[in-house]
Each structure stands twice: as C-alpha cells, then as structure tokens.
Number of protein chains: 2
Amino acid sequence: MGVTTKDLARICGVSRATITRALYGTGSIKEETKRMILDTAKELGYQPDLMARSLVMGKSRMIGTVVVDLRNQYFPKMIDAIEKRTKESSYMLNISLHEDDKEEEKRLIRAMVGYHADGLILNCINKDADFEKMLGQLGIPYVILGYRVFKNSHTVGVDEYEATYKGVNFILEKGYKEIIFVVPPLYDEDGIPNIGHADRKRGFEDAAGKSGCRYTVMYGDDYLEQALDYMRTKAESRPAFFCSGDTFAGEMINCFSKNGYRLPDDYGLMGYDCVSFYQNFSPKLTTVDNHVEQMGYEAANMLIDMIEGRDVPQNIKIPVDIVEGQTL
Amino acid sequence: MGVTTKDLARICGVSRATITRALYGTGSIKEETKRMILDTAKELGYQPDLMARSLVMGKSRMIGTVVVDLRNQYFPKMIDAIEKRTKESSYMLNISLHEDDKEEEKRLIRAMVGYHADGLILNCINKDADFEKMLGQLGIPYVILGYRVFKNSHTVGVDEYEATYKGVNFILEKGYKEIIFVVPPLYDEDGIPNIGHADRKRGFEDAAGKSGCRYTVMYGDDYLEQALDYMRTKAESRPAFFCSGDTFAGEMINCFSKNGYRLPDDYGLMGYDCVSFYQNFSPKLTTVDNHVEQMGYEAANMLIDMIEGRDVPQNIKIPVDIVEGQTL
DNA sequence: TTGTAGGCGTTATCAG
DNA sequence: CTGATAACGCCTACAA
C-alpha cells in the first residue's frame with residue numbers, strides 16, 4: 001500500500017524504531033532527526049497502516065454497528081447520534097446492515113470481530129439462546145438497542161410499557177372515551193414475540209383497563225379496513241386511535257381523509273416514534289417521542305465506557321415524552 | 001483475540017500450514033486430518049482474523065463509503081442500494097459520516113485507506129485541486145456520487161440539467177404560464193459553487209427561456225416569504241413552483257396551506273428527489289425521481305468492477321423520470 | 001501429504 | 001539517543 005515505516009527508515013537512513021519514535025513521540029529522540037523524519041514523512045504522504053497497528057495493538061479504535069436497514073428514519077437518526085458520540089472519542093464507526101436476515105446478522109457480527117472492532121452496537125433480530133451464547137463468546141463488549149432481549153446483555157432502550165401507559169392517560173385527559181390501539185403482529189414469522197410491541201400493548205391495556213374507558217386492540221395488515229369498519233359500525237363516541245408507530249398513523253390520516261373523516265373533529269390520533277417528517281407536516285401529529293437520538297448517544301457512550309474499562313449500568317432507560325400536535 | 005491457527009496447530013498436533021490447507025482447501029491434505037482440523041476448529045469457534053488476512057493479502061473485501069449524514073432520506077436510500085450490491089459480491093460495506101466537515105472527510109478517507117478498504121464511494125464536499133490530488137494518490141479506486149466534481153474521477157450521477165429541463169416542459173404541458181424555480185444558495189460558504197443545483201438552474205432557465213413563458217428563480221433561506229410575496233403581488237396567473245428538493249416543496253405546501261392557498265387550485269407544485277415520504281402522503285407530490293437507489297447500485301457496481309480489474313465507463317448518468325402526483 | 005521459513009506493517013522490549 | 005529483534009495472525013512459497 002503506500003509509504004511504510006520501512007521505506008521511511010531506508011530513505012532517512014535510520015531504523016524503523018526511530019521512525020516510530022519520531023511519529024508518536026514515545027521514547028526520546030534527537031530533535032533534529034525527528035524533524036527530518038517528520039518532514040520526509042509528510043512529503044511522501046506517509047499514512048499509518050491501521051490494520052497492522054490494530055494487529056499488534058489488539059485495539060482498532062473502530063466500533064461496529066449492525067442494524068436492519070436505513071429505510072425509515074428510526075436508525076438513520078439513531079446512527080447520526082451514535083456517530084456523534086464515537087467521533088467525540090475519536091473512534092471510527094463502521095455501520096452495516098443485516099436486512100432482516102438472521103444469518104446475515106451473525107455473519108456481520110463475526111466480520112466485525114474479524115476486523116477487530118473494539119465493541120458493537122446491535123439491533124438484533126436473533127433472539128435465541130444460541131445467539132446469546134455467541135454474543136457472550138465474542139470477546140468484545142456490545143450494547144443492544146431498543147429493548148432487553150437478553151438478561152445478561154447491556155441494553156439501551158425506552159420503557160415501552162410506561163410510554164403507552166403515559167400515552168393513554170394523555171388521550172384520556174383530552175376527553176376521549178374510547179381508544180383503539182393499532183399494532184403490527186406481536187409475533188415474528190418464527191413465532192418469537194416482538195418484545196417492544198408486546199410491551200406497548202401491555203401498557204396500553206393496563207392503562208385503558210384501569211381507567212374504565214372503552215378500548216380495543218387492532219392487529220394485522222388490514223388494520224386500515226378494520227379501522228374504517230370500526231368508525232362505521234362500532235364507534236359510540238369520537239374515538240382515539242393510538243398507533244404503535246408514526247408510519248401507521250400517517251397511513252391512517254391518509255386513508256381516513258379519503259373516506260371523509262376529518263381530524264380531529266371525527267376522530268383523534270396519536271402516533272409513536274416521533275419521526276421528524278410528520279412533525280413538519282400539517283396536521284402535526286401528536287406522538288410519543290422516544291428520543292432515538294438520545295438512545296443512540298447513550299448506547300455509544302455506554303459502549304465506549306465498557307471498551308475503556310469503566311463501570312456502566314446494565315440497562316439504560318430513556319424516558320419518553322408526549323409531543324403535542326394537532327391530532328387529538 | 002479468540003482462537004488462532006497457531007492454537008489449532010498446537011491442539012491438533014500439526015503445523016500452521018496444514019491448518020490453512022484444511023480451512024481453505026488449497027494444496028492437498030489427507031481427508032482424515034482435514035476432518036479432524038475442521039471439527040476442532042468448529043468446536044473451538046475459530047474465526048479468521050480478517051485484519052491479519054488483509055495485511056498479508058493486500059485486499060480486505062471491504063468497501064468504504066463516506067457521506068455527509070443520514071438526516072434526510074437521500075443517502076439512507078442510496079446506501080441501502082449500495083449495500084445490496086456489495087453484498088452480492090460479498091464485500092463488507094463500511095459507512096461513515098463526515099457531517100459536512102471538510103477536514104473530517106479527508107480524515108475518514110485516509111482512515112478507510114488505513115483500514116485497507118478495497119475501494120471508496122464518496123459524496124465529497126471537498127472540491128479543490130489538493131483534494132483531487134489526494135484522491136489520485138490513494139492507491140485504490142473510488143467512485144463519486146451525484147455529479148462530476150473532478151474531470152478524471154469516476155462518477156455516477158443524474159443529468160441535473162436535463163432533469164429540470166424535462167420538469168419544466170412537464171409543467172408547461174399542464175398549461176401553466178409562469179414558473180418559479182426555488183433553489184438553495186448556489187455557492188457554499190467558501191464560495192465554491194454547488195454544481196448540482198447550478199446545473200438544475202441552468203436547465204430550468206434554458207427550458208423556461210426557450211418556451212417564452214414567464215419565469216423567475218428564487219434563492220435564499222427566506223424563500224417561503226418570497227413565495228408568499230410572489231403570490232400576493234406578482235402572480236399574473238396560477239403559477240407553478242418548481243422546488244429543487246422535495247423538502248422545500250413539503251415546507252411550501254405547509255406554509256401555503258396555512259396562508260389559505262390550496263393545491264392545485266391556487267398554485268402548482270413540483271418537487272425534486274422523490275423522497276418516499278411525500279409519496280405516501282396526500283396530496284401526493286409531483287416530483288422528479290432521480291432514482292437514488294439505482295444511483296447507489298450503479299456506483300457500487302462500478303466500483304466493484306474497478307476493484308476487480310474490469311473496464312468501466314468514467315461516467316454513468318442515471319436517467320430521471322417525472323412522477324406524477326396531485327400537485328400540478 | 002506435511003513442515004519450515006519468510007514476510008505483510010506495525011509496536012514493544014531490550015541492548016548498545 | 002538509537003538499533004536489533006520479536007511479536008500480532010495470516011498466507012505462500014519451497015523443502016522434506
């Protein structure tokens with residue numbers, strides 16, 4: 001690859017050890033030779049081979065992150081924040097995408113270890129014991145994003161239960177007497193529960209049940225039809241729909257508006273995720289802000305602490321906030 | 001770091017060379033010892049050290065990409081596509097973000113080279129001759145995204161000129177008699193022109209000028225006020241606004257709707273970029289689809305061809321399309 | 001079929 | 001202050 005210390009040594013007429021001393025100020029060296037070496041290094045455009053360095057140091061100052069994809073704003077926002085934190089400590093961030101493929105996720109994690117990543121930030125879709133064991137054997141620290149998948153892993157996430165609990169109470173305070181919670185399927189194709197949405201649902205049911213209001217939960221891909229049907233045949237008062245994701249909420253606005261239902265006169269709507277997009281659009285969506293940037297930042301922070309040998313809590317919960325828009 | 005070939009050699013009672021032969025099928029080896037070695041390798045969870053391998057091979061099967069950030073959907077979409085292509089040839093993609101910081105961009109590029117990236121995909125903000133020289137000295141191939149910054153670099157982009165030209169004609173066909181082109185500043189703070197937007201503007205002016213319609217260009221951060229002012233005092237007919245970016249178009253819809261202007265009865269609107277978001281929302285935005293996924297895919301494809309020593313064209317232009325929505 | 005030796009570019013240790 | 005020498009984990013001759 002380009003110029004090496006060996007080349008420099010030959011050209012400057014000194015040993016490789018002296019070159020190192022000049023470049024990194026370790027040990028003592030004559031000011032004159034140092035200057036000479038630095039000058040020629042600069043002139044020849046010497047760039048250290050970070051791989052070779054990592055090989056001998058056992059550290060790479062590289063942090064790996066493996067997430068599903070960048071399709072909606074969730075991970076892009078989070079990664080921007082992770083990036084900010086890693087940059088502060090001059091780590092390089094290596095992002096890769098598993099595209100919802102479990103084997104690919106494992107491959108990527110192994111590759112990251114193979115490239116000597118000092119630590120990993122993961123959005124893992126594998127949830128079985130084998131995978132947990134694999135993580136444990138990695139030999140480097142890792143932080144899981146979102147919610148607690150494994151008891152013994154470090155996690156940064158939001159308290160989904162509390163979040164929906166809060167959300168329901170916010171809706172009730174606005175005077176609504178019936179609430180429909182809209183969630184995607186609670187189980188993946190392979191029957192493993194989607195912990196996040198399941199927690200949200202529990203929070204919803206507990207809060208709604210406790211209040212004595214009328215409530216129901218709506219699952220499935222045809223939720224738009226279900227929701228329309230609800231409006232036409234089941235609603236007793238002006239209902240509020242609480243969508244477990246801003247994207248669903250966006251689709252509902254669209255669909256309902258086409259069917260002549262006006263917001264917030266005919267129904268109320270609350271989202272979840274606070275995807276910036278819907279915040280710039282009118283009507284501005286009332287939603288649960290789960291502070292993805294903060295999550296990313298804290299995850300990176302936690303990981304760096306672990307890499308550098310500092311004590312960290314095992315779990316960090318990011319508190320959520322309700323962002324009031326014009327849809328309730 | 002975990003188990004090495006050295007460990008395996010010791011445990012299996014053979015030399016390191018034999019281990020390599022067993023693992024990668026080079027040279028001949030007794031079936032029995034091979035099986036034995038593979039079994040213990042699996043049992044002990046041997047993972048090759050990719051850095052060490054890269055060091056000796058001079059190739060890393062890693063492609064680096066340096067882009068500004070992941071804030072809007074432009075780069076996330078493109079990166080998803082890049083990722084798809086790199087995965088097809090089993091390269092690992094290393095994404096990093098320069099956050100609009102010129103020095104950081106250089107640092108990251110150097111770091112990628114330091115990590116033995118086999119090639120780079122860049123969204124570069126540095127545009128001076130020094131930077132071009134630096135790129136030339138990298139020793140690895142690279143592809144620039146967007147538009148042709150440097151004559152001698154390989155580029156994948158869209159023909160911005162033709163795109164706006166097409167856009168204008170589309171607007172005219174809809175019967176509009178006056179068109180306002182809305183662009184961000186054409187020069188960066190340091191006085192270097194933003195080539196993409198400049199090309200778009202030229203395309204706009206040429207097409208509009210040729211048609212003999214009434215037209216003007218609107219710059220600056222206060223474009224919303226300028227646009228409102230135009231509506232109130234200057235418009236002679238129902239004008240069409242052609243925004244050099246869907247985001248601007250989104251903001252215009254919002255602002256105009258608050259001021260009582262209805263779409264498309266009071267004005268027409270055309271965007272640029274085809275950010276999916278606006279495509280799911282109503283009114284669906286009529287916009288120029290510059291096919292960012294295709295751009296990403298082609299860029300990765302071109303780079304891989306270069307890495308693997310195949311001939312490639314120096315420039316690839318992705319054709320644009322007009323996506324008809326409900327705003328014209 | 002297998003083992004030995006050398007090198008990739010770096011850093012660390014120990015002599016000189 | 002400086003120079004050998006060894007090591008990190010891997011691969012590729014070449015020799016046995």
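By convention in this document, chain letters (A, B, ...) are assigned in the order of the sequence lines, proteins followed by strands, and residues within each chain are numbered from 1.
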> Under a 4.0 Å N-O cut-off, is there an ion pair linking B/Glu103 with B/Lys106?
Replying inline: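 B/Lys106 and B/Glu103: salt-bridged.
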> Do NZ/NE/NH1/NH2 and the carboxylate oxygens of B/Arg85 and B/Glu88 come within less than 4.0 Å?
Replying inline: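 A salt bridge is present here (some side-chain N lies under 4.0 Å from a carboxylate O).
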> In this structure, which one of A/Val66, A/Asp69, A/Val67, A/Leu122 forms a side chain to side chain contact (heavy atoms under 4.5 Å, CB included) with A/His98?
Replying inline: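 So, applying the side chain to side chain contact (heavy atoms under 4.5 Å, CB included) to A/His98 and each of A/Val66, A/Asp69, A/Val67, A/Leu122, only A/Val66 qualifies.
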Under 4.0 Å: is that the gap between some side-chain N or O of [X] and OP1 or OP2 of [N]?
{"X": "B/Ser15", "N": "C/dT2", "value": "no"}
{"X": "A/Lys6", "N": "C/dC8", "value": "yes"}
{"X": "B/Thr33", "N": "C/dT2", "value": "yes"}
{"X": "A/Thr18", "N": "D/dT2", "value": "no"}
{"X": "B/Tyr46", "N": "D/dC10", "value": "yes"}

>> Does B/Leu55 reach a base, just sugar-phosphate, or nothing at all? Heavy atoms under 4.0 Å.
In response: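 Here B/Leu55 touches the bases of the nucleic acid.
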>> What contact category does B/Met57 fall into here, base, sugar-phosphate, or nothing, at under 4.0 angstrom with non-hydrogen atoms?
In response: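 Since only primed, P, OP1 and OP2 atoms lie under 4.0 Å of B/Met57, the category is sugar-phosphate.
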>> Which nucleotide wins on minimum distance to the side chain of A/Thr4, given the candidates D/dA13, C/dT10, C/dT2?
In response: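 The answer is C/dT10, which lies nearest to the side chain.
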Mind calculating the distance between [atom1] ([X]) and [atom2] ([N]) to the nearest angstrom?
{"X": "B/Leu8", "N": "D/dC11", "atom1": "CG", "atom2": "C1'", "answer": "15 Å"}
{"X": "A/Arg21", "N": "D/dA4", "atom1": "CZ", "atom2": "P", "answer": "11 Å"}
{"X": "A/Leu23", "N": "C/dA12", "atom1": "CG", "atom2": "P", "answer": "13 Å"}
{"X": "A/Asp49", "N": "C/dG9", "atom1": "CG", "atom2": "C1'", "answer": "6 Å"}
{"X": "A/Arg16", "N": "D/dA6", "atom1": "CZ", "atom2": "C1'", "answer": "11 Å"}
{"X": "B/Leu50", "N": "D/dC10", "atom1": "CG", "atom2": "P", "answer": "9 Å"}
{"X": "A/Lys34", "N": "D/dC1", "atom1": "NZ", "atom2": "P", "answer": "11 Å"}
{"X": "B/Arg53", "N": "C/dC8", "atom1": "CZ", "atom2": "P", "answer": "19 Å"}

> Nearest nucleotide by nearest heavy atom, which residue falls closer to the 5' end of DNA chain C, B/Ser28 or B/Ala52?
Replying inline: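 Closest to the 5' end, via its nearest nucleotide, is B/Ser28.
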> What distance do B/Ile79 atom CD1 and B/Lys84 atom NZ have between them, rounded to the nearest 0.5 Å?
Replying inline: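 B/Ile79 CD1 to B/Lys84 NZ: 13.0 Å, rounded to 0.5 Å.
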>> Pick the closest DNA chain D nucleotide for A/Glu31 and for B/Val56 by heavy atoms, then say which residue is nearer the 5' end.
In response: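 With A/Glu31 and B/Val56 compared, the 5'-side residue is A/Glu31.
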>> Within the 4.5 Å heavy-atom criterion, are A/Met306 and A/Val143 side-chain neighbours or not?
In response: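 Yes, close enough: below the 4.5 Å cut-off.
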